[in-house]
Structure formats: structure tokens, C-alpha cells
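Note that this is a predicted model, so its numbers are computed, not measured. Each residue takes its place number in the sequence, starting with 1.
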Amino acid sequence: MAAVDRVKLEESWKAALHEEFDKPYMLKLGEFLRGEKAAGKVVFPPGPLIFNALNSTPLPRVKVVIIGQDPYHGPGQAHGLCFSVQPGVPAPPSLVNIFKELQRDLNIDLPAHGCLQSWADQGVLLLNTSLTVEQARAGSHAAEGWGPFTDKVIETVNRECEEVVFLLWGSHAQSKEKLIDPTRHLILKSAHPSPLSAYRGFLGNGHFSRTNKFLEQRGKTPIDWRLPAL
């Protein structure tokens with residue numbers, strides 16, 4: 001069995017990324033995650049949701065990429081989509097600021113939940129650069145091999161898709177700018193929505209309206225950023 005066949009992965013991503021799963025860094029990452037589980041450590045998100053961003057947004061449907069860093073590391077929060085939380089979980093501070101900017105930019109009412117699945121379903125790839133984390137230990141898996149894999153995801157979108165909007169919020173996301181061809185895609189940058197930095201340029205950035213204007217000008221359906229009731 002090929003390594004890629006051991007994971008649940010949407011077919012277009014499986015075709016694009018299958019070689020990565022046989023590379024030493026991914027085999028080592030798999031061993032690390034199995035070891036963590038065997039040692040009784042709690043890892044987020046749950047196994048079936050590790051690749052939720054890719055499974056929710058097939059490669060040919062990607063219109064927008066939002067790059068996060070780590071999954072949330074509290075119980076019940078993470079479900080494989082950056083900045084998003086599972087239904088019934090209060091929106092964390094960065095997500096609250098995202099909603100504030102949506103309200104300011106597009107006059108969208110603050111939603112009653114923080115599940116961004118509807119964005120992913122419309123073509124917004126909600127990609128963390130690390131796809132797992134140990135409970136209560138932010139950044140704990142960042143050096144275990146996820147970086148090369150998620151870089152490959154970004155490179156694949158850059159190469160295979162046309163006229164995608166990349167939203168790079170904060171220095172970590174902006175470090176991935178080198179993987180993106182600005183002559184083929186729109187790159188929008190600002191401060192991170194974290195309470196530590198949101199007032200230094202995230203709030204007021206207009207990224208949501210600018211994204212939709214870009215998509216509409218290219219004959220694409222804009223993103224409905226309103227979250228449906230659960």
C-alpha cells in the first residue's frame with residue numbers, strides 16, 4: 001500500500017501530492033504522530049480531520065487561500081481549518097477580529113458561531129502551516145515536518161490554479177510569499193488578526209471586499225462571507 005493510501009485525502013489533492021507521502025520527511029512525521037499517540041499524548045485536530053482543509057476544498061476549486069500557523073490547541077476547538085472552530089465552541093480572539101473586519105468591510109452581522117466550513121466549501125483553502133499540535137502546547141509540531149508539506153500545497157496552488165487570492169496575515173503567513181507568483185495571483189498582506197496586532201493594520205484592511213472584487217473582475221463567483229446558521 002502506498003503511504004498516501006493510508007490517509008483520507010480528496011482525489012485531486014491525492015493526485016497532486018501523492019509523491020510527498022513517500023518522502024522521508026513525511027514518513028518520519030507519520031512515525032512521530034503514531035509515537036505521540038502511543039505515549040498517550042492528546043493531538044489536535046482528531047485524526048480524520050487533519051487534512052480537512054484539503055478534503056473540503058478540492059484543488060480545482062481553490063479561489064482564495066488563507067494561511068494560518070497552528071491548529072487551536074484547546075479541547076474541541078480545532079477541526080482542520082485555520083482560524084475556524086467546531087460548532088458550539090466560542091470564537092477565539094483572532095476569529096472575533098476577523099468577524100469585526102467583515103462587519104466593517106462588508107456590513108456583515110457578527111455570526112453566532114465560529115465554524116468556517118461554508119468558506120471552505122466555496123473555495124477558500126483554510127490552510128495552517130502545521131496540521132497538528134499537542135494539547136496546550138502551541139507550536140509543538142511545527143518542526144516535525146509539516147512545513148515542507150504545506151509549502152508543497154501552496155506551491156501546487158500557485159502552479160495549478162489561476163488568479164487565486166492569497167491572504168497573508170502576519171509575518172508567519174507572509175514568509176510564504178516567496179512561494180507565490182504575483183504576476184498570476186493576487187497577494188494581500190496585513191497584520192495578523194490577533195489582539196496583539198489587529199489594530200496595527202488588520203482591522204481596516206478591506207481584504208474581504210478586495211478579494212470579491214478581484215474574483216468578480218475575473219468572472220468568478222465571489223465568496224459569500226456570511227456564515228449560515230447551524
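Atoms OG and CG, from Ser194 and Leu95 in turn, are 12.5 Å apart once rounded to the nearest 0.5 Å. The SG atom of Cys82 sits 9.0 Å away from the CH2 atom of Trp119 when rounded to the nearest 0.5 Å. Note that CG of Asn158 and NZ of Lys178 are 12.5 Å apart. Values are rounded to the nearest 0.5 Å. Expressed to the nearest 0.5 Å, how far OG1 of Thr156 lies from CD1 of Ile154 amounts to 9.5 Å. Taking CD of Glu216 as the start and OG1 of Thr211 as the end, the distance is 11.0 Å to the nearest 0.5 Å. Between the CG atom of Leu29 and the OG1 atom of Thr132 there is a distance of 6.0 Å, given to the nearest 0.5 Å.
No side-chain donor-acceptor contact under 3.5 Å links Arg226 to the backbone of Ile108. Ser12 places a side-chain N or O within 3.5 Å of a backbone atom of Leu59 that can act as its donor or acceptor partner. Listed for the Asn205 side chain is a donor-acceptor partner under 3.5 Å among the backbone atoms of Phe202.
Sorted by first and then second residue, the side chain to side chain donor-acceptor pair (under 3.5 Å) pairs involving residues 91-102 (not counting sequence neighbours) are Glu101-Arg104. Applying the side chain to side chain donor-acceptor pair (under 3.5 Å) test to every pair with at least one member in residues 61-83, sequence neighbours left out, gives these pairs: His79-Ser84.
The ring-ring contact (aromatic ring centres under 6.0 Å, His included) test applied to His113 returns no partner, not counting sequence neighbours. Evaluation of the ring-ring contact (aromatic ring centres under 6.0 Å, His included) rule for Phe44 yields no partner, not counting sequence neighbours. Evaluation of the ring-ring contact (aromatic ring centres under 6.0 Å, His included) rule for Trp13 yields no partner, not counting sequence neighbours. Shown here are the ring-ring contact (aromatic ring centres under 6.0 Å, His included) partners of Phe83, two or more places apart in sequence or in another chain: Trp169, His192.
Annotation: side chain of Glu10 is not in contact with side chain of Leu54 (no heavy-atom distance under 4.5 Å). Put simply, the side chain of Thr57 does not reach to within 4.5 Å of the side chain of Val124, judged on heavy atoms. In this structure the side chain of Asn55 reaches within 4.5 angstrom of the side chain of Leu9, judged on heavy atoms. Between Arg34 and Lys37 the shortest side-chain heavy-atom distance does not fall below 4.5 Å. Contact of the Val153 side chain with the Leu125 side chain is registered, since non-hydrogen atoms from C-beta on lie closer than 4.5 Å. Looking at heavy atoms from C-beta onward, Cys115 lies out of side-chain contact with Leu227 at the 4.5 angstrom threshold. Two residues are said to be in side-chain contact when any heavy atoms from C-beta on lie closer than 4.5 Å; His141 and Glu134 meet this criterion. Two residues are said to be in side-chain contact when any heavy atoms from C-beta on lie closer than 4.5 Å; Ile223 and Phe208 fail this criterion.
Heavy atoms only, all atoms of each residue included: Pro222 and Gln122 are closest at O-OE1, 4.2 Å. Closest of all the heavy-atom pairs between Phe21 and Val7 is CE2-CG2, 3.8 Å. Residue Pro228 comes nearest to Ser118 through the heavy atom pair CD-OG, 3.4 Å, listed as atom of the first residue, atom of the second, then distance. Of all heavy-atom pairs between Asp151 and Lys176, the closest is OD1-NZ, 2.8 Å. Considering every non-hydrogen atom in both Gly114 and Phe99, the closest pair reads CA-CZ, 4.1 Å. The minimum heavy-atom distance linking Val133 with Ser140 is given by the pair CG2-OG, 3.5 Å.
Leu110 and Val96 sit in two unconnected hydrophobic clusters of ILVMFWY residues. Membership requires side-chain heavy atoms under 4.5 Å apart, directly or through other members. Placement of Phe149 and Phe166 within a single hydrophobic cluster is found when ILVMFWY residues are connected by side-chain heavy-atom separations under 4.5 Å, directly or transitively. Leu179 and Leu167 fall into different hydrophobic clusters, where Ile, Leu, Val, Met, Phe, Trp and Tyr are joined by side-chain heavy atoms under 4.5 Å apart, directly or via other members. When the side chains of ILVMFWY residues are joined at heavy-atom separations under 4.5 Å, either directly or via intervening members, Leu106 and Leu203 end up in a single hydrophobic cluster. A continuous path of ILVMFWY side-chain contacts below 4.5 Å connects Leu116 to Val64, so both sit in one hydrophobic cluster.
Side chain to side chain, Gln117 and Asp121 meet the donor-acceptor criterion of an N or O pair below 3.5 Å. A donor-acceptor pair shorter than 3.5 Å can be found between the side chains of Asp181 and Thr183.
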(request) Evaluate side-chain contact (heavy atoms from CB on, under 4.5 Å) for Trp225 paired with Asn212, printing each intermediate quantity in order. (result) CA-CA 10 Å; Trp225 298 104; Asn212 278 355; 3.4 Å; yes

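A cation-pi arrangement is present between Arg218 and Phe214, with the terminal nitrogen or guanidinium carbon under 6.0 Å from the aromatic centre and inside a 45° cone about the axis.
Within a 6.0 Å sphere centred on CD of Gln135, heavy atoms belonging to other residues, nucleotides or ligands number more than 12. For Tyr25, the OH atom sits in a packed shell: over 12 heavy atoms of surrounding residues, nucleotides or ligands are nearer than 6.0 Å.
Using a 4.0 Å cut-off between charged nitrogen and carboxylate oxygen, Glu20 and Lys23 count as a salt-bridge pair.
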